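Source: prediction; values computed, not measured. In what follows, chains carry the letters A, B, and so on, assigned in the order in which the sequence lines appear, proteins first and then strands, with residues in each chain numbered from 1.
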Amino acid sequence: MSVVETWIAAFLTLCIFSFLYRDNPFYRFAEHLFVGVAAGYLLAVQYQDVIVPNVWMPLVAGPHTPRSIFLALIPAVLGVLMLARVWERMAGPARWAIAFYVGIYSGIAVPGYLQGQIFAQLSDAVKPFAPGWGAINSALVLLGLLTVLAYFFFSAPHRGIHGAGARIGTWFLMVAFGASFGYTVMARVSLLISRVQFLLRDWLHLIPTT
Amino acid sequence: MGAELDTRWFDPARTNLLVGLLLFLTFLAINVLRAKRGGSIYIRPLAGLKALDEAIGRATEMGRSILYMPGLGSMEEVGTLASITIVSRVARKVADLGCSMQVPCYDPVVMAIIDGVVREAYLEAGRGDEFKPGSVHYVSAQQFAYVAAVSGIMLRERPAANVFMGSFYAESLFLAETGNLTGAIQIAGCDKVTQLPFFVCACDYTLMGEELFAASAYIGREPIQLATIAAQDWAKALAAAMIVAAIALSALGHPELGRLLHTS
Amino acid sequence: MRSGPVILTFLVGTALIALFFIPHHKAQAINAELLVWATVIYAFALILGSISLWNTHARKIRLKTEGWPYSLVTLFALVVVTALGVWQGVGEGTVVSRIYNMVNSPLASTMFALLAFFIASAAFRAFRARNVEATLLLVTAVLMMIGRVSIGEFIWKGFPGFTEWLLDVPNLAAKRAIAIGVGLGAVSIGLKIILGIERGYLGRSR
Amino acid sequence: MSWMARILAIDRRVIFVLVGLGTAIPLLWPVNLPITVTPRVEAAYQTIEALPAGSTVLISMDYEPDTMAELQPMSIAVLRHCFRRNLKLIVITLYPAGPGLVEPALRLAAAAEGKERNKDYAFLGYKSGFQAVMIALGESIRQQFPVDFYKTPLDSIPILRGVNSYSKIDLVINLTASTAADYWIQFAASRYHKPLILGVTAVMATDYYPYLSSRQILGLVGGMKGAAEYEKRMDIFGDARRGMDAQSLVHVIIAGLVILGNAALLTTRKTA
């Protein structure tokens, strides 16, 4: 990065760090600039990567065949219906575009989660117990799995055996959350280290490059 | 060399998934019929949703608004679909009490959907004119630009309650910790396991994983919706039983059941 | 008027579920085409979203609500970056990609870095041994934190191994159970929407 | 308010200052906390150490700025080790934003070990296609990379003369934060039977332990801690060891705060 770019990046970095003290004009400026540039960037990306190849080319500029025009027209019409929501009375027709969109992603989700979440975890969970001492760990994993499932049971109150199982389940949950929390600290601190290195080395040249 | 064009009308490797789907549909059908015939369906209380009711009431008394964040998932994330079903019930409660709700959105399609949902809720509650256009608004489809803007809203507009419902990622801690600073009551529901520890630590109530999906049925209390939760429980019991059976059988030298669950 | 869209959701949803099970190349071609259509709708929705963003900030400026000058920054950036991006593109070497690397990258990575501070303040406030569950949470988190840095290894040789055990046994068990539950919840909500049991997304809470 | 109660109600900005100092101080004035080299990192080190001088190594650095903190110091340490062993390096990246990181890392490592571009290493730059590139390298490197990152044709680069596919490569090293690792295992190791070393982020490392025990990979460097161990093994003091000092300090600060908070809670509960 050139010197000017480094100074701009350093200024914006400090604007965000100032949020730790409290909400202030520098943070507010950086926030509003961030939202504006991000919105413009994403809009331009969608225009270049989606609108031009899938709407502009087949319908206007590019080579047309009746089939390509028809295939490009349907999504374009649904898209325009979505866009028409700008005017309140067009909220009704826009429901067709919403229904199509929700239908697509519900239809993807049902088999997708069935395979990727349910069956993938089940086929992992049914692996035979590890030999020797490992069997204790396998038993603990099974116990944890069953008790956490018991905790998530909706149609039975947490009472009696089911209640005891659910209680053990919460202990497994808490240990799992504690482990996951502690495990994440290093990744977050790494990000802070690289920002502080950017300020101390690239901007202020206080740390030698290795 | 042209790749071999697949002309099969069914992928046999996915038979087990089809069986699973049909089983679930059967559980769903049985329970929905049970509900239609007036069978009462018990569902254990969810503390987070009781707190949500109270939070809406308190916000109304204090004349302050509710901040509802539908998550940073696009429609590919089912947590987002769950959040939409939840906000449709929350909006109705908010409209009934004449409270105000702001919904900053990450995904533009979700914004269009929720805008329609909230507008409709106010109409149904007979307060069509009280709906503030722009209360459901797009902020940014970039993760941390969204976080920067919503943190600003939390600190400057001081909503009485922050409601996080949907798929959240690394930003969950940023939003929940900033919200905690403002003293607002915070209720979260998230399906992303890695983010649950942060919501549990920084929010007053947290709906964990599957509880996010059950929430919309809870708030609405419609019998048919509760029936779908019962269907989920039946499937869960079946899954637990199959795991135990498969492990026991494979220990006795018959790993077939386990292999049935294998997916390509 | 309302039942039309619900039927469309049913047809499209069922089609997508069926296409999951049909490897036939013509079927997969339809599948791919439908997904392209969804991305086109998203693109138009993003334009709608950007108009919503414009209105939010234009309203602040018009009504001179507190902090309206900042909204000028957002609208200016939005117009400039959109115009440049549409005109010149956003790839490597374009003006927009330089702006993005100079503005959004440092802002995003610094926002991300703030999490290191928030994880500390959240830990200090939330990790209080009020009951058995809270104690388990904080003890595990502290052991995991210490075990993953060189100091932990210095205190006890077996610390890294123990932290891996925490991930391989209790964490795995709970994660797996939650994943199964989420999977069931997802399938349930997907089917409810496709079958028309759940119509909240069309603005009908009943 | 008793001393203990004041701790419980501490302003979070005091905690922020502590975390900020805990990060900045070790970066400016290294504390050089003790680091023990774990077997997985030692295995990676020995694999490179065992290569005879002049062997050719293919290094694919598939990561982007967001995981730079963990992987950039690791790359520099591994590159310096290869240079110190007088190995011939062919470096590529499968990520569009890769060159922006790989190129400076190569320049730093080469300068530190007195090595020259084209004589000791060649940087072929970025090529899209992910798995397709990995497979194609089995047939012909030139077909995938007709020219190097600096637009010089491969044939005029000394160390690439006679090297046109995996057959001439003695070791593959993949430094990545993504699923590229899985594909390198599948293609380089399983299909073309090339020895493979992995360098990944801390979050991913545990997922690849099984591949090490099954010898599909010969060494595994995980996260900033792994990179710090590699630096210690190389006897150099890079960003990883500075970073690990900061990590240790901040982790101890957070753990200490939690313990302090609970100590305060216990005493106030007793007196209350």
Side-chain angles (χ1 to χ4, degrees), chain C residues 90-93 97-98 100-101 104-106 108-131 134-135 137-157 159-161 163-169 171-172, chain D residues 7-20 22-23 32-36 38 40 64-66 68-69 96-97 99-100 126 202 205-207 209 222-225 228-229 232 241 244-266 269:
Chain C
V90 289
E92 207 51 41
S97 90
R98 279 175 74 88
Y100 190 82
N101 293 333
N104 280 42
S105 294
S109 50
T110 310
M111 288 285 289
F112 220 133
L114 289 195
L115 285 171
F117 295 97
F118 290 143
I119 213 165
S121 60
F124 178 71
R125 192 191 57 253
F127 287 168
R128 295 285 162 74
R130 286 181 297 273
N131 51 45
T135 310
L137 180 74
L138 83 91
V139 167
T140 315
V142 169
L143 292 177
M144 176 58 87
M145 274 190 261
I146 297 299
R148 279 176 53 73
V149 281
S150 8
I151 290 233
E153 214 167 333
F154 195 69
I155 297 167
W156 167 42
K157 265 280 166 270
F159 233 139
T163 57
E164 269 150 38
W165 179 83
L166 282 175
L167 292 174
D168 292 343
V169 178
N171 191 29
L172 174 68
Chain D
I7 286 177
L8 285 176
I10 208 170
D11 182 324
R12 70 181 73 199
R13 278 170 285 208
V14 170
I15 297 171
F16 294 162
V17 167
L18 285 175
V19 169
T23 308
N32 198 357
L33 296 169
I35 291 176
T36 50
T38 55
R40 294 184 183 94
E64 296 193 306
D66 56 350
M68 193 171 124
Y126 160 67
T206 48
D207 300 342
Y209 290 167
M224 188 185 279
K225 185 161 178 280
E229 287 167 31
K232 175 145 193 327
R241 281 173 83 175
M244 269 324 283
D245 283 353
Q247 287 278 10
S248 292
L249 212 50
V250 172
H251 277 68
V252 165
I253 286 170
I254 296 177
L257 282 171
V258 168
I259 292 163
L260 186 67
N262 280 286
L265 185 76
L266 287 179
R269 193 178 293 168

Rounded distance (nearest 0.5 Å) linking atom [atom1] of [X] with atom [atom2] of [Y]:
X	Y	atom1	atom2	result
C:M145	C:T140	CE	OG1	10.5 Å
C:L137	C:F127	CG	CZ	4.5 Å
D:D245	D:N32	CG	CG	6.5 Å

Quiz prompt | chain D contact via C:I151 - side chain, backbone, both or neither, heavy atoms under 4.5 Å | solution = both

Self-check item: Contact class of C:R125 relative to chain D, heavy atoms under 4.5 angstrom
Solution: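 The side chain, not the backbone.
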
Quiz item: So which of D:K225, D:R13, D:M224 has the biggest tally of heavy-atom pairs under 4.5 Å with chain C?
Solution: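 The option with the most such pairs is D:K225.
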
Heavy-atom distances under 4.5 Å only: say whether [X] touches chain C with side chain, backbone, both or neither.
X	result
D:T23	neither
D:L257	both
D:L8	both

Practice problem: Report yes if the side chains of D:M244 and D:L33 come closer than 4.5 Å at any heavy-atom pair, otherwise no. | Solution: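 Heavy-atom side-chain distance check fails, nothing below 4.5 Å.
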
Quiz item: Minimum heavy-atom separation for D:L18 to D:I253, with atom names?
Solution: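 Looking at all heavy atoms of both residues, the closest pair is O-CD1, 3.6 Å.
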
